[in-house]
Amino acid sequence: MKYSHPPEVRPYLISKTLVPENQETPIHFYNGDIVTEKLFYRRNHFSYPNFASSFYLLPIEGLVHTPKVFSLQEIYSMPSKTMKVVLECAGDKRKLFKPKVFGEQWGKGAISQGIWKGVTLRTLLQYTGLHDSAKEIVFEGYDNGIRPDSNQLFNFSRSLPIEKAIDPETIIAYEYNNQPIPFKHGFPLRLIVPGWYAMASVKWIKKITVIDKEYKGPFQAIDYVYYPNKENDSGKFPVTTLNVNSTIQYPLNMQLLHTGVYEIKGIAWSGNGKIANVEISIDGGKSWDTCHLTTSSEKQSWVRWNYKWEALKKGEYTILSKAKDSNGNIQPLDPTWNRKGYGYNAIDRIKVKVE
(Lines give C-alpha, C1' and ligand atoms only; values in the text may rest on other atoms or scores of the structure.)
Protein backbone atom coordinates (compact mmCIF):
# COMPACT_ATOMS: atom_id res chain seq x y z
CA MET A 1 0.00 0.00 0.00
CA LYS A 2 1.47 3.36 -1.04
CA TYR A 3 0.73 6.78 0.41
CA SER A 4 0.95 9.71 -1.94
CA HIS A 5 1.61 11.81 1.17
CA PRO A 6 2.19 10.89 4.82
CA PRO A 7 -0.96 10.42 6.95
CA GLU A 8 -1.80 13.31 9.26
CA VAL A 9 -0.83 12.83 12.89
CA ARG A 10 -3.22 14.28 15.44
CA PRO A 11 -3.04 14.79 19.20
CA TYR A 12 -5.29 12.80 21.55
CA LEU A 13 -6.55 13.37 25.05
CA ILE A 14 -4.12 12.40 27.81
CA SER A 15 -5.75 9.81 30.09
CA LYS A 16 -5.58 10.29 33.87
CA THR A 17 -8.29 7.88 35.05
CA LEU A 18 -10.90 5.90 33.11
CA VAL A 19 -13.54 5.28 35.82
CA PRO A 20 -14.54 8.01 36.34
CA GLU A 21 -13.18 9.41 33.09
CA ASN A 22 -10.62 12.17 33.60
CA GLN A 23 -8.58 13.24 30.58
CA GLU A 24 -6.39 16.24 29.80
CA THR A 25 -6.31 18.36 26.67
CA PRO A 26 -2.93 18.14 24.87
CA ILE A 27 -2.68 21.91 25.29
CA HIS A 28 0.91 22.05 23.97
CA PHE A 29 -0.24 21.01 20.50
CA TYR A 30 -3.31 23.18 20.37
CA ASN A 31 -3.19 26.18 18.01
CA GLY A 32 -6.69 27.61 17.97
CA ASP A 33 -9.09 29.45 20.22
CA ILE A 34 -11.83 26.83 19.89
CA VAL A 35 -11.14 23.38 21.34
CA THR A 36 -12.99 20.63 19.48
CA GLU A 37 -15.24 18.26 21.41
CA LYS A 38 -12.70 15.44 20.91
CA LEU A 39 -9.92 17.42 22.56
CA PHE A 40 -11.92 19.15 25.32
CA TYR A 41 -10.64 17.96 28.70
CA ARG A 42 -12.93 15.66 30.70
CA ARG A 43 -13.38 15.98 34.45
CA ASN A 44 -15.74 13.72 36.38
CA HIS A 45 -16.19 12.74 40.02
CA PHE A 46 -18.47 9.83 39.17
CA SER A 47 -19.34 7.57 36.24
CA TYR A 48 -21.48 9.10 33.50
CA PRO A 49 -25.16 9.36 34.45
CA ASN A 50 -28.01 7.33 32.96
CA PHE A 51 -31.18 9.17 32.02
CA ALA A 52 -33.60 9.44 29.11
CA SER A 53 -33.09 12.86 27.56
CA SER A 54 -36.23 12.52 25.44
CA PHE A 55 -38.26 13.02 28.64
CA TYR A 56 -35.95 15.69 29.98
CA LEU A 57 -37.53 18.41 32.12
CA LEU A 58 -35.87 21.09 34.22
CA PRO A 59 -37.63 22.05 37.47
CA ILE A 60 -36.93 25.30 39.33
CA GLU A 61 -38.23 25.09 42.89
CA GLY A 62 -37.60 26.29 46.43
CA LEU A 63 -37.95 29.96 47.37
CA VAL A 64 -39.65 31.08 44.17
CA HIS A 65 -43.11 32.63 43.77
CA THR A 66 -44.10 30.21 41.01
CA PRO A 67 -42.27 26.86 40.86
CA LYS A 68 -42.00 25.81 37.23
CA VAL A 69 -40.88 22.84 35.15
CA PHE A 70 -39.30 23.81 31.82
CA SER A 71 -39.21 21.55 28.78
CA LEU A 72 -36.21 21.62 26.45
CA GLN A 73 -38.46 23.04 23.72
CA GLU A 74 -39.41 25.98 25.97
CA ILE A 75 -35.77 26.66 26.78
CA TYR A 76 -34.72 26.46 23.10
CA SER A 77 -37.43 28.97 22.17
CA MET A 78 -36.24 31.66 24.61
CA PRO A 79 -33.83 34.49 23.71
CA SER A 80 -30.34 32.96 23.65
CA LYS A 81 -26.86 34.15 24.51
CA THR A 82 -23.64 32.93 22.84
CA MET A 83 -20.20 33.34 24.45
CA LYS A 84 -16.61 32.21 24.01
CA VAL A 85 -15.64 30.95 27.47
CA VAL A 86 -12.54 29.29 28.88
CA LEU A 87 -13.25 26.49 31.37
CA GLU A 88 -10.42 25.52 33.71
CA CYS A 89 -10.56 22.78 36.31
CA ALA A 90 -9.69 24.10 39.78
CA GLY A 91 -7.08 21.31 39.94
CA ASP A 92 -5.33 22.33 36.69
CA LYS A 93 -1.51 22.09 37.18
CA ARG A 94 -2.01 20.33 40.54
CA LYS A 95 0.95 18.04 39.97
CA LEU A 96 3.27 21.08 40.01
CA PHE A 97 2.64 21.89 43.69
CA LYS A 98 5.53 21.36 46.09
CA PRO A 99 5.11 19.70 48.50
CA LYS A 100 2.85 17.37 46.48
CA VAL A 101 -0.87 17.24 47.23
CA PHE A 102 -3.31 14.35 46.87
CA GLY A 103 -5.96 14.35 44.15
CA GLU A 104 -6.07 13.98 40.38
CA GLN A 105 -2.52 14.77 39.21
CA TRP A 106 -3.40 17.19 36.43
CA GLY A 107 -0.63 18.64 34.30
CA LYS A 108 -1.25 21.82 32.31
CA GLY A 109 -4.16 20.53 30.20
CA ALA A 110 -7.22 20.64 32.46
CA ILE A 111 -8.33 23.68 30.52
CA SER A 112 -10.28 24.16 27.27
CA GLN A 113 -12.28 26.81 25.48
CA GLY A 114 -15.10 27.09 22.98
CA ILE A 115 -18.39 28.72 22.04
CA TRP A 116 -21.31 28.06 24.41
CA LYS A 117 -24.91 28.95 23.62
CA GLY A 118 -27.85 28.91 26.00
CA VAL A 119 -30.38 30.91 27.94
CA THR A 120 -29.41 33.10 30.87
CA LEU A 121 -30.50 31.82 34.26
CA ARG A 122 -31.86 35.32 34.81
CA THR A 123 -34.32 34.73 31.92
CA LEU A 124 -35.61 31.48 33.46
CA LEU A 125 -36.00 33.10 36.88
CA GLN A 126 -38.25 35.78 35.36
CA TYR A 127 -40.85 33.02 34.98
CA THR A 128 -40.60 31.89 38.62
CA GLY A 129 -39.69 35.01 40.56
CA LEU A 130 -37.49 34.96 43.68
CA HIS A 131 -38.43 35.42 47.32
CA ASP A 132 -36.72 38.33 49.08
CA SER A 133 -35.09 35.82 51.44
CA ALA A 134 -33.34 33.96 48.55
CA LYS A 135 -29.60 33.76 49.17
CA GLU A 136 -28.20 30.98 46.98
CA ILE A 137 -29.26 28.82 44.04
CA VAL A 138 -28.36 25.12 44.07
CA PHE A 139 -27.71 23.18 40.86
CA GLU A 140 -27.95 19.40 41.11
CA GLY A 141 -26.48 17.22 38.37
CA TYR A 142 -27.63 13.74 37.34
CA ASP A 143 -24.14 12.33 37.99
CA ASN A 144 -23.87 10.57 41.34
CA GLY A 145 -21.80 8.10 43.32
CA ILE A 146 -19.97 7.43 46.56
CA ARG A 147 -17.23 9.78 47.73
CA PRO A 148 -13.96 8.48 49.25
CA ASP A 149 -14.85 10.15 52.58
CA SER A 150 -18.37 8.67 52.92
CA ASN A 151 -20.51 5.60 52.23
CA GLN A 152 -23.45 7.78 51.25
CA LEU A 153 -24.63 8.31 47.67
CA PHE A 154 -24.23 11.94 46.52
CA ASN A 155 -25.24 13.77 43.37
CA PHE A 156 -22.74 16.36 42.18
CA SER A 157 -24.34 19.59 43.41
CA ARG A 158 -23.06 23.14 43.77
CA SER A 159 -24.56 26.53 44.56
CA LEU A 160 -24.05 30.07 43.37
CA PRO A 161 -24.76 33.25 45.36
CA ILE A 162 -27.81 35.07 43.95
CA GLU A 163 -25.69 37.91 42.49
CA LYS A 164 -23.56 35.48 40.45
CA ALA A 165 -26.56 33.35 39.46
CA ILE A 166 -28.46 36.32 38.00
CA ASP A 167 -25.36 37.78 36.31
CA PRO A 168 -26.35 38.24 32.64
CA GLU A 169 -23.40 36.05 31.62
CA THR A 170 -24.36 32.99 33.70
CA ILE A 171 -26.15 30.67 31.28
CA ILE A 172 -27.88 27.33 31.09
CA ALA A 173 -26.12 26.07 27.95
CA TYR A 174 -27.42 23.61 25.36
CA GLU A 175 -24.93 24.06 22.50
CA TYR A 176 -21.14 23.84 22.19
CA ASN A 177 -19.48 25.07 18.98
CA ASN A 178 -22.86 25.26 17.17
CA GLN A 179 -23.78 21.66 18.01
CA PRO A 180 -25.83 20.18 20.87
CA ILE A 181 -23.55 19.87 23.91
CA PRO A 182 -21.80 16.47 23.71
CA PHE A 183 -23.11 14.00 26.28
CA LYS A 184 -19.73 13.81 28.06
CA HIS A 185 -19.81 17.57 28.58
CA GLY A 186 -23.29 17.80 30.08
CA PHE A 187 -25.96 17.16 27.43
CA PRO A 188 -28.71 18.25 27.34
CA LEU A 189 -28.19 21.19 29.74
CA ARG A 190 -25.22 22.41 31.72
CA LEU A 191 -24.45 25.55 33.65
CA ILE A 192 -21.71 27.85 32.35
CA VAL A 193 -20.30 30.30 34.90
CA PRO A 194 -17.74 32.48 33.05
CA GLY A 195 -14.75 33.63 35.07
CA TRP A 196 -15.07 30.94 37.76
CA TYR A 197 -13.27 27.63 37.99
CA ALA A 198 -15.20 24.96 36.10
CA MET A 199 -16.53 23.02 39.11
CA ALA A 200 -19.17 25.78 39.22
CA SER A 201 -20.39 24.89 35.71
CA VAL A 202 -22.51 21.89 36.76
CA LYS A 203 -23.21 19.32 34.00
CA TRP A 204 -26.38 17.30 33.28
CA ILE A 205 -28.57 19.65 35.35
CA LYS A 206 -31.33 17.70 37.09
CA LYS A 207 -32.94 20.49 39.09
CA ILE A 208 -32.43 24.03 40.34
CA THR A 209 -33.42 24.96 43.91
CA VAL A 210 -33.48 28.43 45.47
CA ILE A 211 -32.50 28.47 49.19
CA ASP A 212 -32.19 31.09 51.95
CA LYS A 213 -28.92 29.88 53.51
CA GLU A 214 -25.42 28.75 52.69
CA TYR A 215 -25.39 25.46 50.79
CA LYS A 216 -23.42 22.78 52.67
CA GLY A 217 -23.14 19.93 50.15
CA PRO A 218 -19.75 18.13 50.12
CA PHE A 219 -18.67 19.55 46.75
CA GLN A 220 -19.18 23.01 48.22
CA ALA A 221 -18.27 22.75 51.90
CA ILE A 222 -15.48 20.11 51.77
CA ASP A 223 -14.14 20.07 48.20
CA TYR A 224 -13.41 23.19 46.17
CA VAL A 225 -12.25 25.01 49.28
CA TYR A 226 -8.76 26.48 49.73
CA TYR A 227 -7.17 25.06 52.89
CA PRO A 228 -3.93 27.01 53.41
CA ASN A 229 -2.88 24.86 56.40
CA LYS A 230 -1.80 21.26 56.12
CA GLU A 231 -2.85 20.29 59.64
CA ASN A 232 -6.17 22.09 60.15
CA ASP A 233 -8.99 23.97 58.41
CA SER A 234 -8.23 27.44 59.76
CA GLY A 235 -8.19 30.20 57.17
CA LYS A 236 -10.21 28.20 54.63
CA PHE A 237 -12.15 30.00 51.87
CA PRO A 238 -14.11 28.90 48.78
CA VAL A 239 -12.67 28.41 45.30
CA THR A 240 -14.39 30.85 42.93
CA THR A 241 -12.70 33.19 40.41
CA LEU A 242 -10.00 32.00 37.99
CA ASN A 243 -6.53 33.20 38.94
CA VAL A 244 -4.45 35.05 36.36
CA ASN A 245 -2.37 32.39 34.59
CA SER A 246 -0.30 31.49 31.54
CA THR A 247 1.05 28.35 29.91
CA ILE A 248 3.97 27.96 27.52
CA GLN A 249 2.84 25.68 24.68
CA TYR A 250 6.04 25.62 22.64
CA PRO A 251 8.85 24.67 23.00
CA LEU A 252 8.08 21.59 25.10
CA ASN A 253 9.60 21.17 28.53
CA MET A 254 13.06 19.47 28.38
CA GLN A 255 13.13 19.70 24.58
CA LEU A 256 16.43 19.54 22.67
CA LEU A 257 16.78 22.28 20.04
CA HIS A 258 19.26 23.19 17.32
CA THR A 259 20.61 26.71 17.28
CA GLY A 260 18.20 28.92 15.32
CA VAL A 261 15.25 31.26 15.56
CA TYR A 262 12.16 29.96 17.40
CA GLU A 263 8.67 31.20 18.11
CA ILE A 264 7.89 30.68 21.79
CA LYS A 265 4.12 30.62 22.11
CA GLY A 266 1.41 30.08 24.68
CA ILE A 267 -1.88 31.17 26.19
CA ALA A 268 -2.86 33.42 29.11
CA TRP A 269 -6.17 33.95 30.90
CA SER A 270 -7.82 35.42 33.98
CA GLY A 271 -11.26 35.38 35.60
CA ASN A 272 -10.73 38.88 36.88
CA GLY A 273 -10.73 41.09 33.80
CA LYS A 274 -8.77 40.80 30.56
CA ILE A 275 -5.12 39.91 30.03
CA ALA A 276 -3.18 43.18 29.83
CA ASN A 277 0.23 41.78 28.97
CA VAL A 278 2.46 38.71 29.03
CA GLU A 279 6.18 38.84 29.73
CA ILE A 280 8.80 36.22 28.98
CA SER A 281 12.21 35.48 30.44
CA ILE A 282 14.81 33.33 28.68
CA ASP A 283 17.32 33.52 31.54
CA GLY A 284 15.36 32.09 34.46
CA GLY A 285 13.84 35.41 35.54
CA LYS A 286 16.86 37.73 35.51
CA SER A 287 15.43 39.82 32.66
CA TRP A 288 11.99 40.06 31.05
CA ASP A 289 10.67 41.00 27.59
CA THR A 290 7.12 41.75 26.49
CA CYS A 291 5.37 39.17 24.31
CA HIS A 292 3.19 39.90 21.32
CA LEU A 293 -0.52 39.15 21.93
CA THR A 294 -1.69 37.41 18.75
CA THR A 295 -5.41 37.42 19.60
CA SER A 296 -7.49 40.22 21.04
CA SER A 297 -7.79 40.19 24.80
CA GLU A 298 -11.37 39.43 25.81
CA LYS A 299 -13.06 38.83 29.12
CA GLN A 300 -13.69 35.11 29.85
CA SER A 301 -11.43 33.72 27.15
CA TRP A 302 -7.72 33.07 26.78
CA VAL A 303 -5.38 35.22 24.75
CA ARG A 304 -2.64 33.69 22.62
CA TRP A 305 0.85 35.19 22.71
CA ASN A 306 4.21 34.63 21.06
CA TYR A 307 7.81 35.75 21.22
CA LYS A 308 10.63 35.48 18.67
CA TRP A 309 13.70 33.92 20.25
CA GLU A 310 17.09 33.88 18.57
CA ALA A 311 18.65 30.81 20.18
CA LEU A 312 22.14 31.31 18.82
CA LYS A 313 24.17 30.21 21.83
CA LYS A 314 24.36 26.59 22.94
CA GLY A 315 23.44 25.74 26.51
CA GLU A 316 20.54 25.14 28.89
CA TYR A 317 17.79 27.74 29.23
CA THR A 318 14.99 28.21 31.75
CA ILE A 319 12.08 29.98 30.02
CA LEU A 320 9.39 31.66 32.14
CA SER A 321 6.05 33.27 31.23
CA LYS A 322 4.20 35.77 33.42
CA ALA A 323 0.76 37.26 32.73
CA LYS A 324 -0.87 40.38 34.15
CA ASP A 325 -4.59 41.19 33.95
CA SER A 326 -6.46 44.49 33.59
CA ASN A 327 -7.10 44.61 37.35
CA GLY A 328 -3.38 44.47 38.14
CA ASN A 329 -3.22 40.81 39.18
CA ILE A 330 0.14 39.25 38.26
CA GLN A 331 1.24 35.62 38.30
CA PRO A 332 3.36 35.03 41.41
CA LEU A 333 6.77 33.39 41.36
CA ASP A 334 5.46 30.69 43.70
CA PRO A 335 1.93 29.28 43.91
CA THR A 336 -0.22 29.69 47.01
CA TRP A 337 0.08 26.19 48.42
CA ASN A 338 -3.17 24.67 49.65
CA ARG A 339 -3.99 21.19 50.91
CA LYS A 340 -6.29 20.15 48.07
CA GLY A 341 -4.17 21.66 45.32
CA TYR A 342 -6.48 24.25 43.74
CA GLY A 343 -5.81 27.40 41.76
CA TYR A 344 -2.15 26.83 40.80
CA ASN A 345 -1.01 29.94 38.96
CA ALA A 346 2.71 30.39 39.52
CA ILE A 347 4.80 31.80 36.68
CA ASP A 348 5.03 29.04 34.07
CA ARG A 349 8.43 27.48 33.57
CA ILE A 350 10.11 25.13 31.12
CA LYS A 351 13.69 24.11 30.46
CA VAL A 352 15.23 23.54 27.04
CA LYS A 353 18.71 22.72 25.78
CA VAL A 354 20.19 24.22 22.63
CA GLU A 355 22.79 21.88 21.12
Which donor-acceptor pairs under 3.5 Å do side chains of residues 13-22 form with protein atoms, sequence neighbours excluded?
unit_1	atom_1	unit_2	atom_2	d
S15	OG	Q23	OE1	2.8
K16	NZ	E24	OE2	3.3
K16	NZ	Q105	O	3.0
T17	OG1	P20	O	2.7
T17	OG1	N22	ND2	3.0
E21	OE1	Y48	OH	2.5
E21	OE1	K184	NZ	3.0
E21	OE2	Q23	NE2	2.7
E21	OE2	R42	NH1	2.7
N22	OD1	R43	NH1	3.2
N22	OD1	N44	N	2.7
N22	ND2	N44	O	3.2
N22	ND2	E104	OE1	3.2

Donor-acceptor pairs under 3.5 angstrom involving side-chain atoms of residues 128-135: please list them, not counting sequence neighbours.
unit_1	atom_1	unit_2	atom_2	d
T128	OG1	L125	O	3.3
H131	NE2	V64	O	3.4

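L160 and Y215 fall into different hydrophobic clusters, defined by Ile, Leu, Val, Met, Phe, Trp and Tyr side-chain heavy atoms under 4.5 Å apart, directly or through other members. Linking ILVMFWY side-chain heavy atoms closer than 4.5 Å, directly or via other members, places V202 and Y142 in a single hydrophobic cluster.
Counting only residues at least two apart or on different chains, the salt bridge (charged side-chain N to carboxylate O under 4.0 Å, His left out) pairs with a member in residues 228-246 are D233-R339. Judged as a salt bridge (charged side-chain N to carboxylate O under 4.0 Å, His left out), the pairs with a partner in residues 194-213 (not counting sequence neighbours) are, in order, E61-K207, E140-K206. The list of salt bridge (charged side-chain N to carboxylate O under 4.0 Å, His left out) pairs with a residue in residues 152-173, not counting sequence neighbours, reads E169-K299.
Counting only N and O atoms by type, the side chains of S281 and D283 include a donor and acceptor under 3.5 Å apart.
Between F219 and H45, a ring centre-to-centre spacing shorter than 6.0 Å is recorded. For an aromatic pair to be called close, the ring centres must be under 6.0 Å apart, and Y76 with Y174 satisfies this.
Summarising the geometry, atom NZ belonging to K265 is positioned 14.0 Å from atom OG belonging to S321; distances are rounded to the nearest 0.5 Å. Atom CD of E136 sits about 12.0 Å away from atom OG1 of T209, to the nearest 0.5 Å. Put simply, CD1 on I267 and CG on N306 are 13.5 Å apart, with the number rounded to the nearest 0.5 Å. To the nearest 0.5 angstrom, C291 atom SG is 8.0 Å from E279 atom CD. Atom-to-atom distance recorded for Q113:CD and T25:OG1 is 11.5 Å, nearest 0.5 angstrom. Note that the CD1 atom of I75 and the CD1 atom of I172 stand 7.5 Å from one another [nearest 0.5 Å].
For the pair E263 and K308, the salt-bridge criterion is not met [side-chain N within less than 4.0 Å of a carboxylate O].
By the 4.5 Å side-chain criterion applied to Ile, Leu, Val, Met, Phe, Trp and Tyr, I34 is assigned to a cluster that also includes I115. In this structure, I319 belongs to a hydrophobic cluster whose other members, linked by side-chain heavy atoms under 4.5 Å apart, are V244, I248, Y250, L257, Y262, I264, I275, V278, I280, I282, L293, V303, W305, Y307, W309, Y317, I350, V352, V354. In this structure, L153 belongs to a hydrophobic cluster whose other members, linked by side-chain heavy atoms under 4.5 Å apart, are I146. In this structure, L333 belongs to a hydrophobic cluster whose other members, linked by side-chain heavy atoms under 4.5 Å apart, are W288, L320, I347.
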Notebook entry, point to check: K98 and D334: salt bridge (charged side-chain N to carboxylate O under 4.0 Å, His left out), yes or no, with the steps?
Noted result: CA-CA 10 Å; K98 291 173 187 168; D334 298 305; over 6 Å; no

Next item on the list: Apply side chain to side chain donor-acceptor pair (under 3.5 Å) to D325 and N272, showing your working.
Entry: CA-CA 7 Å; D325 70 23; N272 209 333; 5.1 Å; no

Notebook entry, point to check: Could you go step by step and tell me if H185 and Y176 meet the ring pair (Phe, Tyr, Trp, His ring centres under 6.0 Å) rule?
Noted result: CA-CA 9 Å; H185 296 289; Y176 179 67; 7.0 Å; no

Margin query: Checking K93 against N245 for the side chain to side chain donor-acceptor pair (under 3.5 Å) test, could you report, in this order, the C-alpha distance in whole Å, the side-chain angles of both residues, the deciding distance, and whether it holds?
Written below: CA-CA 11 Å; K93 304 188 180 184; N245 216 329; 3.0 Å; yes

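With sequence neighbours excluded, the residues forming a side chain to side chain contact (heavy atoms under 4.5 Å, CB included) with N232 are N229, S234, listed by chain and number. Partners of L312 according to the side chain to side chain contact (heavy atoms under 4.5 Å, CB included) rule, which considers only residues two or more places apart in sequence or in another chain, are E310. Y342 is linked by a ring pair (Phe, Tyr, Trp, His ring centres under 6.0 Å) to Y224, counting only residues two or more places apart in sequence or in another chain.
Both the sub-6.0 Å distance and the 45° axial angle are satisfied by K68 relative to the ring of F70.
Using bins of under 30°, 30° to 60° and over 60° for the plane-to-plane angle, the ring pair F183/W204 lands in the tilted bin.
Minimum interatomic distance between D348 and S246 (heavy atoms only, all atoms of both residues): CB-O, 3.5 Å. Counting all heavy atoms, side chain and backbone alike, G343 lies closest to N243 at O-ND2, 2.9 Å.
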